[in-house]
Amino acid sequence: DPAWPAFEYGNPGSFRNGLATLPKAISAELGQPVGEPPAQDARVRLRWQLARLERAADGAFNATFSTPDGEMSVRAKSVVSTVPAHALKGVLTPILPSADRLCDQVRSEIDRLGIYHPPVCAVT
């Protein structure tokens with residue numbers, strides 16, 4: 001397709017409007033276009049920060065978020081987090097009492113504090 005940018009060997013490539021193109025498209029598809037208010041039935045929310053995660057008696061999770069519109073709670077069967085573990089310090093304590101200790105533990109073998117996150121690399 002002549003509309004595609006020229007490919008340069010060794011360059012991992014990009015989108016015409018930058019690497020943010022894909023996450024922005026996913027966000028829009030899930031009902032929350034970047035820079036716009038969310039759709040009523042949006043399945044993703046931007047700028048929501050998890051403040052507390054608790055387990056209900058029936059096994060479900062109650063997640064409390066700090067949002068631009070104030071505190072909001074969501075009930076879920078499961079929770080997946082993609083943030084670094086240190087960002088969850090204090091948040092996970094109700095369901096994982098050792099979470100704070102893990103985040104504060106000195107890893108002498110790597111001379112770092114907290115949970116080690118290996119560097120990420122893309123190989124093509």
Side-chain angles (χ1 to χ4, degrees):
D1 183 347
W4 284 81
F7 174 75
E8 177 184 335
Y9 185 78
N11 183 343
S14 187
F15 295 99
R16 187 175 304 282
N17 294 316
L19 291 176
T21 302
L22 181 59
K24 285 181 177 179
I26 292 169
S27 184
E29 179 66 25
L30 294 175
Q32 171 65 81
V34 175
E36 297 180 24
Q40 190 68 22
D41 61 346
R43 294 172 294 175
V44 68
R45 297 285 191 231
L46 303 179
R47 301 187 319 150
W48 282 38
Q49 182 177 359
L50 184 61
R52 189 171 56 255
L53 186 64
E54 299 168 308
R55 195 104 197 212
D58 64 358
F61 292 95
N62 293 319
T64 303
F65 295 89
S66 172
T67 79
D69 298 321
E71 192 173 273
M72 302 282 193
S73 292
V74 174
R75 184 173 166 80
K77 291 188 285 186
S78 60
V79 175
V80 175
S81 172
T82 59
V83 301
H86 69 270
L88 295 173
K89 183 178 177 184
V91 173
L92 293 179
T93 305
I95 60 168
L96 181 64
S98 61
D100 286 354
R101 182 181 55 75
L102 288 171
C103 290
D104 288 338
Q105 183 175 349
V106 176
R107 307 284 183 201
S108 57
E109 66 276 5
I110 58 172
D111 196 29
R112 293 197 178 142
L113 181 68
I115 298 170
Y116 175 66
H117 295 274
V120 176
C121 176
V123 178
T124 60

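Given the structure is predicted, the values throughout are model-derived calculations rather than measurements.
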- Message: I'd like to know if Trp48 and Leu46 are part of one continuous hydrophobic network [Ile/Leu/Val/Met/Phe/Trp/Tyr, side-chain heavy atoms within less than 4.5 Å].
- Response: no
Shortest non-hydrogen contact from [X] to [Y]?
{"X": "Leu50", "Y": "Thr64", "result": "CD1-O, 3.6 Å"}
{"X": "Ser66", "Y": "Ala51", "result": "N-CB, 4.4 Å"}
{"X": "Gly31", "Y": "Ala42", "result": "O-CB, 3.3 Å"}
{"X": "Ala56", "Y": "Arg75", "result": "CB-NH1, 3.6 Å"}
{"X": "Pro94", "Y": "Val91", "result": "CD-O, 3.4 Å"}

- Using atom types as modelled and distance alone, determine if a side-chain donor or acceptor of Glu29 lies under 3.5 Å from a backbone N or O of Pro33. no
- Item | Any donor-acceptor pair under 3.5 Å from Ser27 side chain to Gln32 backbone | yes
- Item | Separation between CG of Leu22 and CG of Asn17, rounded to the nearest 0.5 Å | 12.5 Å
- Message: If I take atom CG from residue Leu30 and atom CG from residue Asp41, how far apart are they, to the nearest 0.5 angstrom?
- Response: 10.5 Å
- Is the number of heavy atoms from other residues, nucleotides or ligands within 6.0 Å of CD (Glu54) greater than 12? yes
- Query: Heavy atoms, side chains only, cut-off 4.5 Å: are Gln49 and Phe65 in contact?
  - Reply: no
